[in-house]
Number of protein chains: 2
Amino acid sequence: MFLIDCGEGTQLQLRKHKIKFSRIHHIFISHLHGDHFFGLPGLVSTFRLLGRKQDLHIYGPKGIKEAITLLLKLGDSWTNYNLYFHELTSTSSEMVYEDDKVTVETIPLSHRIYTNGFLFREKKALRNLDIQAVNAYGIDKSQLRNIKKGKDAQSSSGEVVDNTLLTFDPPKPKSYAFCSDTAFKEDMVPLIKDVDVLYHESTFLDSEEGLCQKTKHSTAKQAATIAKMANASHLILGHYSTRYKSLALFKQEAETIFDEVSLAEDGKVFEL
Amino acid sequence: MFLIDCGEGTQLQLRKHKIKFSRIHHIFISHLHGDHFFGLPGLVSTFRLLGRKQDLHIYGPKGIKEAITLLLKLGDSWTNYNLYFHELTSTSSEMVYEDDKVTVETIPLSHRIYTNGFLFREKKALRNLDIQAVNAYGIDKSQLRNIKKGKDAQSSSGEVVDNTLLTFDPPKPKSYAFCSDTAFKEDMVPLIKDVDVLYHESTFLDSEEGLCQKTKHSTAKQAATIAKMANASHLILGHYSTRYKSLALFKQEAETIFDEVSLAEDGKVFEL
C-alpha cells in the first residue's frame, strides 16, 4: 500500500476509511506545499504512538528531511522505528522505488516550486501455467520455473514442447500516474504513454485558463488533453478550486476532449 | 478572540464551528508536541490564502519560529501579513500579553518538554455610571471619565458628590487558566489562586497514577486537587487517554475532591 501526498488531516481520513496504518511502508510526497505535506509530521508521530516497528520510507523534495526531523527534535519525539528519507532533486524522470512486483518513477511537473508526479507500474508477471497441459506432456517439475518465464520445455519422451502449449498470457501489467500540482506540461506525455489510469489535477475550468500561468495549475480541458495525447485508458480529475459551485462542470469540460473521465472525491475508491 | 494550542486539524474544527478566522490575532502554544502544534503551519498558510492583512502574533516555546518559517520557506509561501513570534524560554511566570481589557501570563508546567500554561485575566473594569444620579446632581460631562475611574465629583451647585452616589460596581473581572500538558505541580497554585475557570489536563484516572511520573501527565484526582487548592470556581477536565471507555469516570473521580467539574469535549462551549 502506497500513500501519495499527505495534507493536514490525512491521518484522520485514513482512520475514517479504515486504512490500516501498518500497511503503509512508502510515502511519496509530490511537493512541499501545505495541502500535500502538512499531515506528514502528525502521521510520522502517530506511527510512533502506535508502537510501529517496521521501516518507513519517505520520498519527496529536498528539504523534507530537515523539516520532519526539526519537528521531531522540537518535540523530543524521535521515532522508535527506522525512518528513511529519499530526497529528490532531479528534474528528469528517475526510478525511485522497485520491488518484485512494481516500480515507481518520478514525473517532473511544472509548478511554483519543485514538484514531481509519480508513475506506478506493475512489472510484467510470469506466464500462467496450464497445469493440465503440463501433466499431459509429462513435464518434470524442475522445468516449471523456466516455463513460467516463457521458455520452451522438454516432455517425458524427450520432445521439445513449445511454451505457448503450456502457458496462458498473464494479466496485462497495470499502471497509474499521479500528476499534481502542475501547469499543462506536454513533455510528460512520453513518460505516461498508454497508462491505465491518469490522475491529473484540474484546478480550474477553461474560463479561468488565464489563472493557470501565474498559479501553475491546469484546467479540466488541459488535463483531458494530456490524457488523450498519452492514450490513457482512464482520467481522474481532482484538486478543484473552491470557486466553482459544481464538480460536474469539470467532468463535462474534460469529456469534450476525452471519453473516460471520473471525478476524485474524498473517500472515493477506484479499482483498476 | 484567543486561540490556545493548535493540533492537526484545528482549522477544520474552526470552520466546522463557524469561528471567524479574521477574529484571531493571538495564538498561544503551550508546547511543541504534535497534538498541540502540528495544525499551526496549515492555519498560518490558510490565513494567507484567505488574503489576511491583519497582524498575527504567535506565543510559544523557543524553536517555534524556526519550525514555522522553515515550512513556509520550503513551500515558498511567505505570509502577506505581518507574523510576529514571541518565543518563550522563562521557567517562571511572565506576562506575555496585555491590552486595555486583559492580560495573559504564562504558567510554567511540568511536562516532558518545555511547556507553559496560560492565565487570562480581565482587568478591573471602570465603574458603571448611574446616569439618573449624574443628571440629578447636574454633573458636568467633563467629569465623567474621572467618575468612572472612581473619583468623587462636583455638582452644578459646587458641592462634592461621593463617587458611590454616582456609580455602580462593575462586573467582577473574570479569569481563565489553561494548564496542559502537565504532571501534578503544586507550585502553580499561587499563580492561579481564585481563578474562575481552570482547565487542567487529566490524561489518566487514579488507577493509572503510576504512569504520570514517566509521561508527565495528571490524573483527574490530581487536577481536582489543584482546583481545590487554588480555590477555583470551576474545573474543566480534558486531554483524556483513549484507554478509557467512558469520560464519565473522569468527572466522577474529580468530584470526590472538588464539586464544580465539567468535561471538555470537541466543540463544547463554556460561558463564564
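Sequence lines set the chain letters: A, B, ... in the order given, protein chains first and strands last, and positions in each chain run from 1.
- To the nearest 0.5 Å, the span separating OH on B:Y114 from CG on A:L74 amounts to 13.5 Å.
- Within a 6.0 Å radius of CD in A:Q213, no more than 12 heavy atoms belonging to other residues, nucleotides or ligands are found.
- Atom CG of A:D266 sits in a sparse spot, with 12 or fewer heavy atoms from other residues, nucleotides or ligands closer than 6.0 Å.
- For A:K268, the NZ atom is densely surrounded, since the number of other residues' heavy atoms within 6.0 Å is greater than 12.
- Within 6.0 Å of NZ in A:K221 there are 12 or fewer heavy atoms belonging to other residues, nucleotides or ligands.
- Annotation for A:E186: atom CD does not count as buried by contact number, only 12 or fewer foreign heavy atoms lying within 6.0 Å.
- Counting heavy-atom pairs under 4.5 Å between each of B:K73, B:K62, B:H36, B:Q11 and chain A puts B:Q11 at the top.
- Interatomic distance, B:L70 CG to A:L71 CG, rounded to the nearest 0.5 Å: 8.0 Å.
- Rounding to the nearest 0.5 Å places NE2 of B:H31 at 11.5 Å from CG of A:D76.
- In this structure, no portion of B:T242 lies under 4.5 Å from any heavy atom of chain A.
- When the candidates B:G34, B:G63, B:P41 are compared by the number of heavy-atom contacts under 4.5 Å with chain A, B:P41 comes out ahead.
- From B:I113, atom CD1 reaches atom OG of A:S77 across 6.5 Å, with rounding to the nearest 0.5 Å.
- Of the two parts of A:F37, only the side chain, counted from C-beta on, holds a non-hydrogen atom closer than 4.5 Å to a non-hydrogen atom of chain B.
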